[in-house]
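Below is one structure, written out as structure tokens, with a few remarks after it.
Numbered from 1 within each chain, the chains take letters A, B, ... in sequence-line order.
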Number of protein chains: 2
Amino acid sequence: MRILLIEDEKRLTDVIKKGFIESGFAVDQAFDGEEGLYLAEFESYDAVILDLMLPKIDGTSICKQLRDKKITTPILMLTAKTQLEDKITGLNVGADDYLTKPFEFAELKARINALLRRKYQQLENTIVIDDLEIDPIKRIVKRGNKIISLTPREFSILELLTRHKDQPITRTQIMEHTWDYNFDSLSNVVDVFIATLRKKVDNGHQKKLIHTVHGVGYKLSLR
Amino acid sequence: MRILLIEDEKRLTDVIKKGFIESGFAVDQAFDGEEGLYLAEFESYDAVILDLMLPKIDGTSICKQLRDKKITTPILMLTAKTQLEDKITGLNVGADDYLTKPFEFAELKARINALLRRKYQQLENTIVIDDLEIDPIKRIVKRGNKIISLTPREFSILELLTRHKDQPITRTQIMEHTWDYNFDSLSNVVDVFIATLRKKVDNGHQKKLIHTVHGVGYKLSLR
DNA sequence: ATCTTCAATCAATAAAATTCTCATACAAGC
DNA sequence: GCTTGTATGAGAATTTTATTGATTGAAGAT
């Protein structure tokens, strides 16, 4: 499960990101409207959390532009005050739900889950690469019908690699995707997780899926 | 792609440098304004990342002096706080973009990529020459749908050649683009890498893309 | 509260890949 | 034919990655 968080208050994004990562979500962040719009359009997310007040392009406008482009990803809007006006505008413009600050993280999460349930009522939505199958909604990973059980971090890393099949992903990218703060990231944790992922995903299989890109990072691909 | 990082916080430079090296950039660093100004003036970079607060000469002044000397290298400024004043000063003085700390590395990189795209007037993310396709951001190289895996140095050299399709590139230009300035240039490393690139890119293909320009260097072209 | 378990992290060493040097063979241009 | 420039293989030097075991810390059970 992968969500995009478009919000410029660093302290708030830290909390939200951490919370979702603990629940096994992958979280991408954008700190201004421009970046947010770009990511929402060209990457694929299960939901978007969108602040109303943003640098460069405001939330309402982002929402409108996305809907105009037929992008139907569920959007939950955040706003600073209970302003009926904003709320009406937001929903008119294509947002699916609405939450006013300040809020409890638990409530945000409950609402996101509600949106996701609605979106995925009985749809299957798995990513398949060769005989590896990963279901980000149910958080189930299988290789050739055999269920592989992964810890939250392992899952998060594998999900990132899977979504960028064939593309080398750097350790820095993995860190930023999986941990909440990264700027003291000169350790080899990523390498260690890759090692355990290999044990669980590739060991005993002819075809290895996790590949080292020397000097760069790792990638998931058939060869 | 070669960038200069002028910043005195060691921990920050470590992380930034690591991130860019993973992305295939050559990175020079300067820990004070004097050194930074010197390097920016006499070496050649694709972009400069410049902290505002620096020992000896501050960022604003460096920026101004470089522009006065008609050095047009794209400059991205870093500053500790969101200070509108600083921002205005920075942009007035000739910086091309601006980022406030703390930031995610991904955001820094996205902005640098934007500056580079502008510099090279490149609209598409992938560069295509005949059946060779290279995506510098995703770091994927293909020849006729077949993925070619390259080491960091190989990739960097091929990237340079593709960005300057049809024009001869000297060994010195290749060195400046791929190595940082600590490198001694009296060796034939470039020739050796060209040999391995030929093996990976041209071997087994009718059309050779990498050509020697005798007495000058190399070029990438259809014949 | 204490114990147990397992995930996450750190640190150290072993293993592997890349990068670089050097020697020699080959080609171009005069 | 001579000089200068280029190509490439092999191995040494360096850098990067893999892997393991010890340690820390948090969640659940008793």
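- Note that B:Arg139 lies in the cation-pi zone of B:Phe155, set by a 6.0 Å cut-off to the ring centre and a 45° limit from the axis.
- Side-chain nitrogen and oxygen atoms of B:Thr151 include at least one within less than 4.0 Å of the OP1 or OP2 phosphate oxygen of C:dT19.
- Using a cutoff of 4.0 Å between basic side-chain nitrogens and carboxylate oxygens, B:Lys109 and A:Glu176 are not scored as salt-bridged.
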Could you walk me through whether A:Phe105 and A:Phe20 pass ring pair (Phe, Tyr, Trp, His ring centres under 6.0 Å), step by step?
CA-CA 9 Å; A:Phe105 176 73; A:Phe20 277 105; 5.2 Å; yes
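- The base of D:dT8 sits within donor-acceptor range of the side chain of B:Asn188, with an N or O pair under 3.5 Å.
- The phosphate of C:dT21 (OP1 or OP2) has a side-chain N or O of B:Ser187 nearer than 4.0 angstrom.
- Using a 4.0 Å cut-off, no side-chain N or O of B:Thr212 falls inside it from OP1 or OP2 of D:dT6.
- Ion pair A:Arg143/A:Asp131 flagged as a salt bridge, since at least one NZ, NE, NH1 or NH2 atom sits closer than 4.0 Å to an Asp/Glu carboxylate oxygen.
- Only B:Ala195, B:Arg198, B:Lys199, listed by number, bring a heavy atom of residues 195-203 of chain B to less than 4.0 angstrom from any atom of DNA chain D.
- Checked against C:dC20, D:dT6, C:dA17, the side chain of B:Arg171 finds its nearest nucleotide in D:dT6.
- Of the charged side-chain nitrogens involved, at least one lies within less than 4.0 Å of a carboxylate oxygen, so that A:Asp32 and B:Arg111 count as a salt-bridged pair.
- Among the protein residues, A:Val216 comes within range of the sugar-phosphate backbone only, with heavy atoms under 4.0 Å from sugar or phosphate atoms but none that close to a base.
- Rounding to whole angstrom units, NZ of residue A:Lys219 and C1' of D:dT17 are separated by 16 Å.
- The CD1 atom of A:Ile194 sits 14 Å away from the P atom of C:dT9 (whole-angstrom rounding).
- Ion pairing of B:Asp46 with B:Lys119 is present here, as a side-chain N (NZ or NE/NH1/NH2) and a carboxylate O approach within less than 4.0 Å.
- Separating the CD1 atom of B:Ile21 from the P atom of C:dT18 is a distance of 17 Å, rounded to the nearest angstrom.
- When distances run from any side-chain atom of B:Trp179 to the nucleotides C:dA7, C:dC20, C:dT18, the shortest one goes to C:dC20.
- When the P atom of C:dA7 is taken as reference, atom CD1 of A:Ile157 falls 14 Å away, rounded to whole Å.
- Using a cutoff of 4.0 Å between basic side-chain nitrogens and carboxylate oxygens, A:Lys219 and A:Asp166 are not scored as salt-bridged.
- In terms of phosphate contacts, A:Tyr218 brings a side-chain nitrogen or oxygen within less than 4.0 Å of OP1 or OP2 of D:dA18.
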